[in-house]
Amino acid sequence: MEIKIDLLKRASLFAGMSEAEILQLVHCLGAPIRSYGKGAILWQAGDTVSQAGIILDGIVDAVQYHPDGSMQLVTRHKPGSVFGDLLMGAQRPSPVTLQTPDGAQVLFLSLHAILSDCGQGCPCHVRLRHNLFSEGAKKFFHLRRRLQYLSEPRLRRRVLLFLQDCSRDAGQDYFTLPFTRCEMAEFLGANRSALSRELSQLQKEGFIEFYRNSFRLLHI
């Protein structure tokens, strides 16, 4: 299967590597590429994870299912994103289910292959391990940020913190979210109707402007 090298060059695990080094590394690690259809499950909550994935195409969601059958979106992974890196290092059952809403193509890297020496003295192996640690640190701060949202008792405060962080990540006041309104509500631990009312009120009061998934911060 064809490797999308331009996308891999933008992936955090391959930061600082040339195209030739990335291709060499993928070959050395024996990294397989797998395709998943719409609604496919990559792994279930409770599964032990021994490999990380880099999304080449599509979207992969980390979700939690509750006893009453409801689902909560934990994280949405887009093309170029890395997932499973923390879980494979922990060697503990996954607390989330990984599934793709519309299908995806994923390149997998096993923990054993990453930590093993290929015998060819590739400097890119050292770079990969360094990038893996950096990615783990970023995930830590992302989770810390999510906990901050969920710990806020007032929905307005949750929404404003979330939108401010999205603006900061985009480097500008105008940005587009990768979530539907329902998915945004799940991410913030809110009811969809309550979230829609709060967004409309914030727009009415002149704090934000939005149309569908595109937002602009005005006076926050």
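Closest approach of I33 to Q105, counting heavy atoms only: CG2-CG, 3.6 Å. When all heavy atoms of P178 and R76 are compared, the pair lying nearest together is O-NH1, 2.9 Å. Residues H125 and C28 come closest through the heavy atom pair NE2-CB, 3.7 Å. Of all heavy-atom pairs between N191 and S193, the closest is OD1-N, 2.8 Å. Between C124 and Q24 the shortest heavy-atom distance is SG-OE1, 4.4 Å. Looking at every heavy atom in both residues, N131 comes nearest to A15 through ND2-O, 3.0 Å.
Residue I208 holds its CD1 atom at 6.0 Å from CD of Q203, rounded to the nearest 0.5 Å. If you take CG on D85 and CD1 on I54, they are separated by 9.5 Å, rounding to the nearest 0.5 Å. Between D6 atom CG and R10 atom CZ the span is 6.5 Å, to the nearest 0.5 Å. One distance of note links CG of L86 with OG of S94; it measures 11.0 Å at 0.5 Å rounding. Between the CG atom in L195 and the CE atom in M184 there is a gap of 5.0 Å [rounded to 0.5 Å]. Within the model, atoms CG of L161 and CZ of R154 stand 11.0 Å from one another, a figure rounded to the nearest 0.5 Å.
With sequence neighbours left out, F108 forms a ring-ring contact (aromatic ring centres under 6.0 Å, His included) with no residue at all. Remark: F179 engages F187 in a ring-ring contact (aromatic ring centres under 6.0 Å, His included) (not counting sequence neighbours). Applying the salt bridge (charged side-chain N to carboxylate O under 4.0 Å, His left out) rule to E186 yields no partners; only residues at least two apart in sequence or on another chain are considered. By the salt bridge (charged side-chain N to carboxylate O under 4.0 Å, His left out) test, E21 is found to be paired with no residue, residues two or more places apart in sequence or in another chain being considered. Shown here are the ring-ring contact (aromatic ring centres under 6.0 Å, His included) partners of F14, two or more places apart in sequence or in another chain: there are none. With sequence neighbours excluded, the residues forming a side chain to side chain donor-acceptor pair (under 3.5 Å) with T180 are E183, listed by chain and number. Scored by the salt bridge (charged side-chain N to carboxylate O under 4.0 Å, His left out) test, D165 finds R145, R168 as partners (sequence neighbours excluded). With sequence neighbours excluded, the residues that form a salt bridge (charged side-chain N to carboxylate O under 4.0 Å, His left out) with R156 are E198, E205. Every ring-ring contact (aromatic ring centres under 6.0 Å, His included) that F210 has, sequence neighbours left out, goes to F215.
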L132/M88 under side chain to side chain contact (heavy atoms under 4.5 Å, CB included): CA gap, chis, key distance, verdict:
CA-CA 11 Å; L132 186 63; M88 73 174 181; 4.0 Å; yes
query: Would K139 and T75 satisfy side chain to side chain contact (heavy atoms under 4.5 Å, CB included), going step by step from the backbone distance to the final call?
result: CA-CA 11 Å; K139 295 277 177 67; T75 308; over 6 Å; no
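For the pair V159/Q201, no side-chain contact is recorded, criterion being any heavy-atom separation below 4.5 Å from C-beta on. Considering only heavy atoms from C-beta on, D102 stays 4.5 Å or farther from I59 through its side chain. With a 4.5 Å cut-off on side-chain heavy atoms, L29 and L128 count as touching. A heavy-atom distance below 4.5 Å is found between the side chains of L8 and L56. Using a 4.5 Å heavy-atom threshold, the side chains of Q99 and I41 count as touching.
In this structure, the side chain of R127 does not engage the main chain of G16 through any donor-acceptor pair within 3.5 Å. Formation of a donor-acceptor pair under 3.5 Å by the R192 side chain with backbone atoms of R181 is not found in this model. Side-chain atoms of S167 come within 3.5 Å of backbone atoms of Q172 as a donor-acceptor pair (strictly under, hydrogens ignored). A donor-acceptor pair under 3.5 Å is formed between the side chain of R158 and the backbone N or O of L188.
For residues 135-156, the pairs satisfying ring-ring contact (aromatic ring centres under 6.0 Å, His included) are Y149-F162, with sequence neighbours left out. Listed by first and then second residue, the side chain to side chain donor-acceptor pair (under 3.5 Å) pairs that reach into residues 46-58 come to none, sequence neighbours excluded. For residues 30-84, the pairs satisfying ring-ring contact (aromatic ring centres under 6.0 Å, His included) are W43-F83, H77-F83, with sequence neighbours left out.
A salt bridge between R216 and D173 is absent, with no side-chain N of the basic residue lying under 4.0 Å from a carboxylate O of the acidic one.
By the rule that hydrophobic residues join a cluster once side-chain heavy atoms approach within less than 4.5 Å of another member, I5 and V82 end up as members of one cluster.
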